[in-house]
Trainee: 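One structure, pasted below without further comment.
Numbering of residues begins at 1 and proceeds along the displayed sequence.
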Amino acid sequence: MAPLGEGSEEALVVQDENRKPISSILIIIAMQTEAIPIVNKFQLKEDLDSTFPKGVPWVRYHGFYKDLRINLVWPGKDSTLGVDSVGTISASLVTYAAIQALQPDLIINAGTAGSFKVKGASISDVFLASDVAFHDRRIPIPVFDLYGVGLRQSFSTPNLLKELNLKVGKLSTGDSLDMSPQEEASIVANDASVKDMEGAAVAYVADLLKVPAIFIKAVTDIVDGEKPTSEEFLQNLAAVTAALDQAVTQVVDFINGKCLSEL
Ligand code: ADE
């Protein structure tokens with residue numbers, strides 16, 4: 001086998017793929033309220049003859065928009081409790097299953113997030129994450145500590161950033177909406193501007209299966225502000241989905257007709 005690295009067979013295949021126009025994108029969204037405006041915008045249709053295993057709540061919407069095949073996958077409602085299946089476990093499972101079934105060229109993980117006034121954020125700001133990491137996987141043993149943090153870079157999109165009016169910042173992921181003092185310390189260590197419950201899990205699976213991924217996060221709550229997070233999140237969720245929908249549409253319009261190396 002040829003050695004990996006610059007000039008290797010594998011590197012040349014990746015280079016080649018980066019020069020083909022993007023034809024299939026996969027949007028992964030955790031909550032129905034976040035997903036529906038985007039489903040409607042692109043006139044996506046629900047897959048009634050599911051691609052996924054029988055009995056799972058995962059929902060796929062699909063359709064064509066300009067030159068792109070769009071699949072949007074939402075982990076659906078918890079079968080027992082009836083609430084959105086938010087968090088890293090559902091996100092990684094649907095990401096894995098959707099990549100296997102749909103072989104997308106690019107993943108967009110879109111959703112809402114908390115942000116921080118120390119980072120200059122306001123409600124409805126939309127961030128494109130430069131890096132993603134976890135803030136609730138503490139393993140204080142050398143090297144396992146780094147595995148726990150799971151820092152990964154998003155696919156680099158310098159032209160998209162030049163063109164669109166998005167904020168850039170690091171994204172930190174954990175399975176809680178609130179924030180313990182230990183998590184706060186990890187979020188500061190991660191230098192995060194945005195805090196969500198799925199991004200780093202999607203990044204882990206995308207990296208495993210070598211699919212480029214980007215992360216678009218719209219701010220529903222200011223974690224270091226005066227209001228309790230859950231109250232502020234619920235109060236702003238519906239309104240902020242409009243900002244998310246607009247940003248996702250702009251990103252999809254920018255992607256259309258381009259190859260990965262042009263993003
Ligand atoms: N999604 C929206 N707000 C959030 C927060 N503060 N933490 C985690 N996920 C979120």
Side-chain angles (χ1 to χ4, degrees), residues 24-52 56-66 68-95 97-99 101-102 104 106-115 123-129 164 166 171 173 177 194 196-199 201-202 213-221 229-256:
S24 172
I25 61 172
L26 168 62
I27 303 175
I28 296 177
I29 299 198
M31 298 188 76
Q32 189 172 34
T33 310
E34 298 163 342
I36 293 306
I38 297 171
V39 166
N40 293 337
K41 174 70 67 73
F42 296 118
Q43 300 185 318
L44 305 178
K45 298 280 170 279
E46 188 171 341
D47 173 19
L48 296 172
D49 184 19
S50 181
T51 320
F52 300 131
V56 299
W58 311 339
V59 183
R60 178 176 80 100
Y61 298 93
H62 59 106
F64 287 90
Y65 175 75
K66 300 186 176 173
L68 293 168
R69 175 180 183 219
I70 301 183
N71 279 284
L72 185 151
V73 171
W74 161 56
K77 301 274 183 191
D78 180 89
S79 354
T80 311
L81 300 171
V83 295
D84 291 302
S85 309
V86 298
T88 60
I89 297 177
S90 299
S92 25
L93 286 170
V94 292
T95 303
I99 293 174
L102 307 166
L106 177 72
I107 291 174
I108 300 174
N109 172 220
T112 52
S115 191
I123 301 297
S124 286
D125 279 353
V126 183
F127 280 83
L128 189 70
L164 304 184
L166 299 173
L171 170 64
T173 298
L177 184 71
V194 258
D196 81 340
M197 296 175 67
E198 291 85 20
V202 172
I214 62 173
F215 303 83
I216 303 172
K217 300 285 163 174
V219 176
T220 45
D221 50 275
T229 294
S230 49
E231 235 172 70
E232 196 175 23
F233 167 69
L234 289 172
Q235 203 172 34
N236 292 325
L237 177 62
V240 169
T241 58
L244 181 65
D245 163 32
Q246 191 191 10
V248 170
T249 307
Q250 288 173 340
V251 168
V252 170
D253 277 326
F254 183 83
I255 289 170
N256 181 62

Trainee: Which residue, I214, L102, V202, forms the side-chain contact (heavy atoms from CB on, under 4.5 Å) with I107?
Mentor: V202
Trainee: With a 4.5 Å heavy-atom cut-off, do T51 and N71 have their side chains touching?
Mentor: no
Trainee: Heavy atoms, side chains only, cut-off 4.5 Å: are F52 and V73 in contact?
Mentor: yes
Trainee: Considering only heavy atoms from C-beta outward, does the side chain of I36 approach that of Y61 to under 4.5 Å?
Mentor: yes
Trainee: For the pair D221 (side chain) and F233 (backbone), establish whether a donor and an acceptor sit closer than 3.5 Å, ignoring hydrogens and angles.
Mentor: no
Trainee: Report yes if some heavy atom in the side chain of S115 is under 4.5 Å from a heavy atom in the side chain of V194; otherwise report no.
Mentor: yes
Trainee: Side chains of I216 and L128, heavy atoms from C-beta outward: is any pair under 4.5 Å?
Mentor: yes
Trainee: Which residues pass the side chain to side chain contact (heavy atoms under 4.5 Å, CB included) test with A129, sequence neighbours left out?
Mentor: V132, S154, L171, F215
Trainee: Any idea which heavy atoms bring P75 and S90 closest together, and the distance?
Mentor: CB-CB, 3.9 Å
Trainee: Just verifying a value: how many Å separate D245 CG and Q250 CD, rounded to the nearest 0.5 Å?
Mentor: 10.0 Å
Trainee: For atom CG of L234, is the number of surrounding heavy atoms from other residues, nucleotides or ligands below 6.0 Å larger than 12?
Mentor: yes
Trainee: Less than 4.5 Å apart, any side-chain heavy atom of I123 and any of E232?
Mentor: yes
Trainee: Between F42 and L68, does the side-chain contact (heavy atoms from CB on, under 4.5 Å) criterion hold? Intermediate values first, please.
Mentor: CA-CA 11 Å; F42 296 118; L68 293 168; over 6 Å; no
Trainee: Can you tell me how far CG of L26 sits from CZ of R69, rounded to the nearest 0.5 angstrom?
Mentor: 10.0 Å
Trainee: Quickly, which of L177, T112, T88, T173 forms a side-chain contact (heavy atoms from CB on, under 4.5 Å) with D196? Name it, please.
Mentor: T173
Trainee: For A247 and V126, work out which heavy atoms get closest and say how close.
Mentor: CB-CG1, 3.6 Å
Trainee: Checking Y65 against L44 for the side-chain contact (heavy atoms from CB on, under 4.5 Å) test, could you report, in this order, the C-alpha distance in whole Å, the side-chain angles of both residues, the deciding distance, and whether it holds?
Mentor: CA-CA 9 Å; Y65 175 75; L44 305 178; over 6 Å; no
Trainee: Can you name the closest pair of heavy atoms from A238 and T33 and give their distance?
Mentor: CA-CG2, 4.4 Å
Trainee: For V86, what residues pass the side chain to side chain contact (heavy atoms under 4.5 Å, CB included) criterion, not counting sequence neighbours?
Mentor: A30, M31, D84, M197, E198
Trainee: Are V94 and W74 packed together at the side-chain level, in the sense that at least one heavy-atom pair is separated by less than 4.5 angstrom?
Mentor: no
Trainee: Give me the atom names and distance for the closest heavy-atom approach of L244 to A218.
Mentor: CB-CB, 4.0 Å
Trainee: Considering non-hydrogen atoms only, spot the tightest contact between A213 and L106 and give its length.
Mentor: N-CD1, 4.4 Å
Trainee: Taking atom NZ of K217 and atom CG of N109, what is their separation to the nearest 0.5 Å?
Mentor: 3.5 Å
Trainee: Under a plain distance cut-off of 3.5 Å, with no hydrogens placed, do S85 and D78 share a side-chain donor-acceptor pair?
Mentor: no
Trainee: Counting only heavy atoms not in Q43, do more than 12 fall under 6.0 Å of its CD?
Mentor: no
Trainee: Do V240 and E34 have side-chain heavy atoms sitting under 4.5 Å apart?
Mentor: no
